[in-house]
Amino acid sequence: MSSLRARVSEGKSGEISGIVMLRPFAIHEPSSVQEAVGLLVDLGQESRIYAGGTELLIIMKEGLARFEHLINIKAVPDLDKVEFRDGWLRIGACTTHRMVEDSNVVREHHPGIAEVARGVANIRVRNVGTIGGNLCFADPHSDPATVLLVCDAVVEISGLKGSRTLPIGEFIQGPLETALDDTEILTRINVPSLGHGVKVSYIKFGCYERPTIGVACRLQLEDGGVVRGVRFALGSVGETPKCVTGLDDLFLGKDMMEAVALMPEAAESAYEQVKPVSDFHGSMDYKRQLIRVFLERAFLAACGRN
Amino acid sequence: MELHATRDVFKRIPIQFTINGKQLEAEVEPHKTLLDFIREDLLLTGTKRSCDVQVCGACTVLVNGLAVSSCTYLAFEARGKQVLTIEGLAENNKLHPIQQSFIDRGGFQCGFCTPGMIMAAKSLLDRVPDPSEEEIKLYMKGNLCRCTGYRSIVEAIQEAARKMRANKLGILAP
């Protein structure tokens, strides 16, 4: 629903069209979420929420989208707080990847989320870019959403009619498309506690700025090293990150070696569900091979955590 | 169709910040990048424009000690903060240990990526005084060099780390 996909020149968020420079815009600095929503309403299609700008300013520089009014959401206090309360890790939308990586609260309750933040893009993007901005931009080739999916994260959205929450899988709807309507703002990402003994791993691969594939694995082993529950999410290969379903029965009760032997079958199922697209990162067939390799590596990484 | 000078329509933002230790007051257009401000308004041309899309790291400066891509960082965001560019590293006409190490180790050829490399290295060593080779490579991943093949850059950073640690302890570096 969000307008960004419609605003970007058809097809190619990597394509440079014309001179690389920022066209002029105004900055608005609301002091509350309500005021920010009001600005979105008043300024309409020419406005966009701006936080770190590490993705938004790039497409504006490349001339792929133009906004004459940027609403500096960082001016609203307390949107960059991280806390753990009532069994939920709560991360403010304006928290930078660097802050997520460094946060003791995140490391304690969801080390997998701190780890994925550590690998986003490069150090400069991590220092400035925000987790909320990353989710709202919804570039298919991104890392955080894949891990958040497997952790059952829920996003908090504020708009004219108040607040609502949405599971992350429903929030990201397509390439550069989210469930936000034009007058809504993502304010927080909430992640429930992992159960006892549950480990989350994330393995990514690629030789470009953005990942070509990312696999998150959520694993629970019983004391004997036997699988009690496992879940995978695939990111960067399809149009959105996706949880792979229907593998619970396959892996239940298997030990590590048996589970690894089942990976080709699991990878085939994952490939069918995700339906990778051919793009400059590789052909469908290449991505099928990547899924096969990295599903196993993510699983082994999660085992290694135990 | 109404024509007007678009640039005049959007209000400039008054900012106050510190650059290389000096206090500065300015008024910047909202869309002005920190890179443009540093190079064109302050005439500090040590920071380079290369890819202009925050991928290569040649434009790296430190804002409150954190490395940022000045090509994609809006100038007004520097208000109230401390900005450090390559020109701000040397003190009393003496090069910073990182700068000296890059020279001693041949950590550059054409030199275009070098200011960005040095600033990124500084932010690394200020945070992690004794990084492993793996940590250096991971941290510096976002700074690209087309000349050196990176080996001499890693060695320069390792040597600088040793010197900086020794300086802290007040002993001669090995």
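The model shown is predicted, which means the values in this text are computed figures rather than measured ones. For the numbers below, each heavy atom of this structure counts, side chains included, while hydrogens, waters and symmetry mates do not.
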Report task. Kindly indicate whether the side chain of A/Asn122, heavy atoms from C-beta on, has any atom under 4.5 Å from the side chain of B/Tyr139. Result ->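 No; the side chains remain at least 4.5 Å from each other.
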**Report entry** Side chains of B/Thr72 and A/Glu55 in contact at under 4.5 Å (non-hydrogen atoms)
**Finding:**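 B/Thr72 vs A/Glu55: side chains apart.
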Report task. State, to 0.1 Å, how close A/Ala26 and B/Pro30 come at their nearest heavy-atom pair, and which atoms those are. Result ->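 Smallest interatomic distance, heavy atoms only, reads CA-CG, 4.3 Å.
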Query - Least distance between heavy atoms, A/His69 atom then B/Phe10 atom - result: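 For A/His69 and B/Phe10, the tightest heavy-atom pair comes out as CE1-CE2, 4.3 Å.
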Report task. Find the one option among A/Lys74, A/Arg98, A/Met21, A/Glu209 whose heavy-atom pairs under 4.5 Å with chain B are most numerous. Result ->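 The option with the most such pairs is A/Arg98.
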**Report entry** Flag, side chain of A/Asn127 to backbone of B/Val68, donor-acceptor distance under 3.5 Å
**Finding:**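 Side chain of A/Asn127 to backbone of B/Val68, a donor-acceptor pair under 3.5 Å: no, none is there.
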Query raised in the report: Can you tell me if A/Arg124 uses its side chain to pair, donor with acceptor, with the backbone of B/Thr60 under 3.5 Å?
Result: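 Pair absent, no side-chain N/O of A/Arg124 close to backbone of B/Thr60.
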Quick check on [X] against chain A: is it the side chain, the backbone, both or neither that has a heavy atom closer than 4.5 Å?
| X | result |
| --- | --- |
| B/Cys56 | backbone |
| B/Asn143 | both |
| B/Arg49 | neither |
| B/Ser123 | neither |
| B/Leu124 | neither |

Let me confirm one number: the [atom1]-[atom2] distance from [X] to [Y], rounded to the nearest 0.5 Å.
| X | Y | atom1 | atom2 | answer |
| --- | --- | --- | --- | --- |
| B/Asp52 | A/Ile19 | CG | CD1 | 11.5 Å |
| B/Cys71 | A/Leu22 | SG | CG | 9.5 Å |
| A/Thr54 | B/Tyr73 | OG1 | OH | 12.5 Å |
| B/Met140 | A/Ile123 | CE | CD1 | 10.5 Å |
| A/Leu57 | B/Thr33 | CG | OG1 | 10.0 Å |

Query - Heavy-atom neighbours of B/Glu91 CD exceed 12 at 6.0 Å - result: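 No, the 6.0 Å shell around CD holds no more than 12 heavy atoms from other groups.
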Report task. Could you tell me whether A/Arg118 and B/Glu135 make a salt bridge, using a distance below 4.0 angstrom between a side-chain N and a carboxylate O? Result ->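 No, no charged N to carboxylate O under 4.0 Å.
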Query - Test: A/Glu29 and B/Arg79 ion pair at under 4.0 Å - result: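 The answer is yes: the pair qualifies as a salt bridge.
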Query raised in the report: Which atoms of A/Tyr50 come close to chain B, meaning under 4.5 Å heavy atom to heavy atom: side chain ones, backbone ones, both, or neither?
Result: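 A/Tyr50 touches chain B through side-chain heavy atoms alone.
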Report task. May I have the step-by-step check of side chain to side chain contact (heavy atoms under 4.5 Å, CB included) for B/Glu77 and A/Val128, ending in yes or no? Result -> CA-CA 11 Å; B/Glu77 297 275 21; A/Val128 174; over 6 Å; no
